[in-house]
Amino acid sequence: VKASQFLMPHFEFSGACAGCGETPYVKLVSQLFGDRMVVANATGCSSIYGGSFPSLPYCKNKKGCGPAWANSLFEDNAEFGYGMRLAIDNNRKQLRRNVEEALALPIDADLKKALEAALSTWDKVDDEAKANQAAVKAALAKVKPCEQCKDLIAKIAELADYFVDKSLWIIGGDGWAYDIGYGGLDHVVAQNRNVNILVLDTEVYSNTGGQASKSTPIGAVALFANSGKRLTKKNLGFMCMSYGNVYVASVCMGADRNQTLKAIREAEAYNGPSIIIAYAPCIAHGIKGDMRQSQNEAKRAVEAGYWPLYQYNPSAEVPFTWQTKPATGSFQDFIRSERRYASLQKTAPDAAEALYAKAEEDNNRRMDFYKKLGEIMK
């Protein structure tokens with residue numbers, strides 16, 4: 001974990017709310033994959049702090065490499081990102097075909113050597129693969145192609161950034177992933193394409209005024225749930241797991257940084273659809289004290305048995321790993337310390353205690369479900 005923080009962040013000075021629980025996840029992803037990262041960002045907080053023109057938090061390194069970012073709507077961001085994946089795959093397919101055709105022609109010896117080296121690391125994304133890509137670009141800048149291979153060389157030069165595969169990230173909040181964009185998200189994870197989805201879960205529509213989403217738990221107060229949410233939180237992780245080919249992880253940076261780092265790296269390395277559901281404390285939660293405590297508050301959520309930690313890797317010998325330790329804190333103390341739950345005493349005083357009890361009962365049921373899921377999948 002410590003070593004990861006020596007990597008350059010390709011996301012900085014976002015201007016998000018002080019103590020925002022979302023931005024640390026985006027920053028970490030940008031540190032790990034930023035120099036070859038492509039982002040499809042749903043409307044919401046992450047699109048506001050991610051693309052408040054004319055300033056941008058996404059930046060490039062000394063070599064001029066950095067994330068390519070674009071924003072789409074609540075309702076179609078998953079499909080938007082899926083289209084990016086199709087474009088990347090098709091560009092790489094066309095590039096490889098052109099390289100193989102060019103190698104069969106009498107091309108410059110240095111260029112031929114560089115192209116052969118780049119093909120040898122085609123399925124890699126490490127420093128060697130990046131160096132081979134750079135060598136091809138350097139050779140292309142010097143070469144004077146013959147008439148016979150001029151068009152092929154021009155197309156290879158156009159697509160030279162695709163010798164190393166892109167790291168595609170579809171990013172958005174729970175309002176997008178659980179609600180308005182869920183149909184698209186469900187369709188995309190069912191396509192078996194190499195996409196990475198990061199759900200920044202604040203359990204409420206943070207950016208649009210604090211409305212209840214299908215991620216909002218029982219008892220939490222939000223717009224359209226002024227007297228407390230009455231229905232259970234949608235089980236997005238299990239719904240994605242049910243396909244059997246989707247990498248799924250539930251993480252909380254404040255509680256376990258190592259698990260968060262491992263899940264993000266595994267998800268990106270997994271050759272297929274992956275989704276990371278990340279607990280993100282929000283100013284809308286009404287954290288006791290101030291937002292400087294957001295990482296500590298996230299830790300409290302796990303210690304109280306409020307938020308689960310797990311990983312489901314279809315390619316592993318034991319796919320499901322339950323990583324949540326037995327609760328050491330009080331669930332009731334945790335929820336009552338946040339304004340989103342405490343305000344229930346004012347908005348629905350007669351139902352407050354019953355809803356608090358129901359919230360804990362429902363939460364325990366969900367936790368027990370995941371524990372048993374791990375035992376079934378062994």
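Please read all numbers here as calculations on a predicted model, not as lab measurements.
Remark: Glu303 does not engage Lys325 in a salt bridge, criterion side-chain N to carboxylate O under 4.0 Å. Taking a cutoff of 4.0 Å between a charged side-chain nitrogen and a carboxylate oxygen, Glu116 and Lys113 do not qualify as a salt bridge. Using a cutoff of 4.0 Å between basic side-chain nitrogens and carboxylate oxygens, Lys27 and Glu12 are not scored as salt-bridged. The existence of a salt bridge linking Lys358 and Glu353 is excluded, since no basic side-chain nitrogen approaches an acidic carboxylate oxygen closer than 4.0 Å. Using a 4.0 Å cut-off between charged side-chain N and carboxylate O, Glu100 and Arg96 make a salt bridge. Under the 4.0 Å criterion applied to side-chain N and carboxylate O atoms, Glu158 and Lys155 are assigned as salt-bridge partners.
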Decide salt bridge (charged side-chain N to carboxylate O under 4.0 Å, His left out) for Lys288 and Asp333; before the verdict, give the C-alpha distance in whole Å, the side-chain angles of both, and the deciding distance to 0.1 Å.
CA-CA 12 Å; Lys288 190 176 182 179; Asp333 287 349; over 6 Å; no
Side chain to side chain donor-acceptor pair (under 3.5 Å), that's the test. Do Asp179 and Tyr205 meet it? Break it down for me.
CA-CA 10 Å; Asp179 270 3; Tyr205 280 84; 2.9 Å; yes
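Judged by distance alone, with hydrogens and angles left aside, the side-chain atoms of Asn196 form no donor-acceptor pair with the main-chain N or O of Ser274 at under 3.5 Å. Between the side chain of Arg92 and the backbone N or O of Phe163, at least one donor-acceptor pair lies under 3.5 Å. In terms of modelled atom types and a separation under 3.5 Å, the side chain of Asp201 and the main chain of Tyr279 share no donor-acceptor contact. In this structure, the side chain of Arg230 engages the main chain of Gly228 through a donor-acceptor pair within 3.5 Å. Judged by distance alone, the side chain of Gln211 and the main-chain N or O of Thr208 form a donor-acceptor pair under 3.5 Å. Between the side chain of Ser46 and the main chain of Thr43, no donor-acceptor pair closer than 3.5 Å is present. Side-chain atoms of Lys234 never come within 3.5 Å of backbone atoms of Lys214 as a donor-acceptor pair (strictly under, hydrogens ignored). Thr121 contributes no side-chain N or O that, together with a main-chain N or O of Glu128, makes up a donor-acceptor pair within less than 3.5 Å. Of the possible polar contacts, one joining the Ser294 side chain to the Gly19 backbone as a donor-acceptor pair under 3.5 Å is found. No donor-acceptor distance shorter than 3.5 angstrom exists from the side chain of Arg339 to the backbone of Arg336, with no hydrogens or angles considered.
Judged by distance alone, the side chains of Asn364 and Glu361 never bring a donor and an acceptor atom under 3.5 Å apart. Counting only N and O atoms by type, the side chains of Gln293 and Lys299 include no donor and acceptor under 3.5 Å apart. Judged by distance alone, the side chains of Trp169 and Ser167 do bring a donor and an acceptor atom under 3.5 Å apart. Using modelled atom types and a 3.5 Å distance limit, the side chains of Thr347 and Asn226 yield no donor-acceptor pair.
Partner of Lys130 under the salt bridge (charged side-chain N to carboxylate O under 4.0 Å, His left out) criterion, chosen from Asp161, Asp165, Asp35: Asp35. When Asn363, Thr216, Asp362 are each tested for a side-chain hydrogen bond (donor to acceptor under 3.5 Å, both in side chains) with Thr232, only one passes: Asp362. Tested against Ile197, the residues Ile170, Ile276, Val246 include a single side-chain contact (heavy atoms from CB on, under 4.5 Å) partner, Ile170. When each of Arg365, Lys372, Arg366 is tested with Asp368 by the rule side-chain hydrogen bond (donor to acceptor under 3.5 Å, both in side chains), just one qualifies, namely Lys372.
Aromatic ring orientation, Trp322 versus Tyr310: parallel (interplanar angle below 30°, classes split at 30° and 60°).
The side-chain hydrogen bond (donor to acceptor under 3.5 Å, both in side chains) analysis of residues 235-257, with sequence neighbours excluded, yields the pairs Asp186-Tyr243, Asn192-Asn245, Asn235-Tyr370, Tyr247-Glu266, Tyr247-Gln311, Ser250-Trp307.
Residues Phe74 and Ile180 share a closest heavy-atom pair of CB-CG2, 3.6 Å. Among all heavy-atom pairs drawn from Lys124 and Ala129, the shortest one is O-CB, 3.5 Å.
Between the SG atom of Cys65 and the CE atom of Met8 there is a distance of 10.0 Å, given to the nearest 0.5 Å. Interatomic distance, CG of Leu355 versus CD of Gln345, reported as 10.5 Å (0.5 Å rounding). Note: Leu119 CG to Leu95 CG = 8.0 Å, rounded to the nearest 0.5 Å. Rounding to the nearest 0.5 Å places OH of Tyr58 at 7.5 Å from OG of Ser30.
In this structure, Glu22 and Cys45 have side chains that are in contact, with non-hydrogen atoms separated by less than 4.5 Å. Side-chain contact check for Leu236 versus Tyr182: some heavy-atom pair is nearer than 4.5 Å. Annotation: side chain of Thr23 is in contact with side chain of Phe11 (closest heavy-atom distance under 4.5 Å). Residues His10 and Phe33 have side chains not in contact (no heavy-atom distance under 4.5 Å, counting atoms from C-beta outward). In this structure, Leu28 and Met253 have side chains that are in contact, with non-hydrogen atoms separated by less than 4.5 Å. Residues Asp89 and Arg193 have side chains in contact (heavy-atom distance under 4.5 Å, counting atoms from C-beta outward). Val143 is listed as a side-chain neighbour of Ile153, based on a closest heavy-atom distance under 4.5 Å. With a 4.5 Å cut-off on side-chain heavy atoms, Ser315 and Tyr270 count as touching.
Here Tyr25 pairs with nothing under the side-chain hydrogen bond (donor to acceptor under 3.5 Å, both in side chains) rule; sequence neighbours left out. Remark: Asn61 engages no residue in a side-chain hydrogen bond (donor to acceptor under 3.5 Å, both in side chains) (not counting sequence neighbours). Residues satisfying the salt bridge (charged side-chain N to carboxylate O under 4.0 Å, His left out) criterion with Arg292, sequence neighbours excluded, are Asp290. Shown here are the ring-ring contact (aromatic ring centres under 6.0 Å, His included) partners of Phe80, two or more places apart in sequence or in another chain: there are none. Qualifying side-chain hydrogen bond (donor to acceptor under 3.5 Å, both in side chains) partners for Ser206, counting only residues two or more places apart in sequence or in other chains: Thr202.
A continuous path of hydrophobic side-chain contacts links Leu152 to Leu140 [ILVMFWY only; heavy atoms under 4.5 Å]. Residues Leu309 and Val1 fall into different hydrophobic clusters, defined by Ile, Leu, Val, Met, Phe, Trp and Tyr side chains chained together at heavy-atom separations under 4.5 Å. A continuous path of hydrophobic side-chain contacts links Leu261 to Leu200 [ILVMFWY only; heavy atoms under 4.5 Å]. Residues Val195 and Val39 are members of separate hydrophobic clusters, defined by side-chain heavy-atom contacts under 4.5 angstrom among Ile, Leu, Val, Met, Phe, Trp and Tyr. In terms of hydrophobic clustering, with Ile, Leu, Val, Met, Phe, Trp and Tyr side chains grouped at heavy-atom distances under 4.5 Å, Ile287 and Ile283 are assigned to a common cluster.
Remark: Lys166 is positioned above the aromatic ring of Tyr162, its terminal NZ or CZ atom under 6.0 angstrom from the ring centre and at most 45 degrees off the axis.
At most 12 heavy atoms of other shown residues, nucleotides or ligands fall within 6.0 angstrom of atom CZ in Phe13. In this structure, Lys262 places its NZ atom where only 12 or fewer heavy-atom neighbours from other residues, nucleotides or ligands lie under 6.0 Å away.
Close placement of the Phe369 and Phe238 rings is indicated, their centers lying within 6.0 Å of each other.
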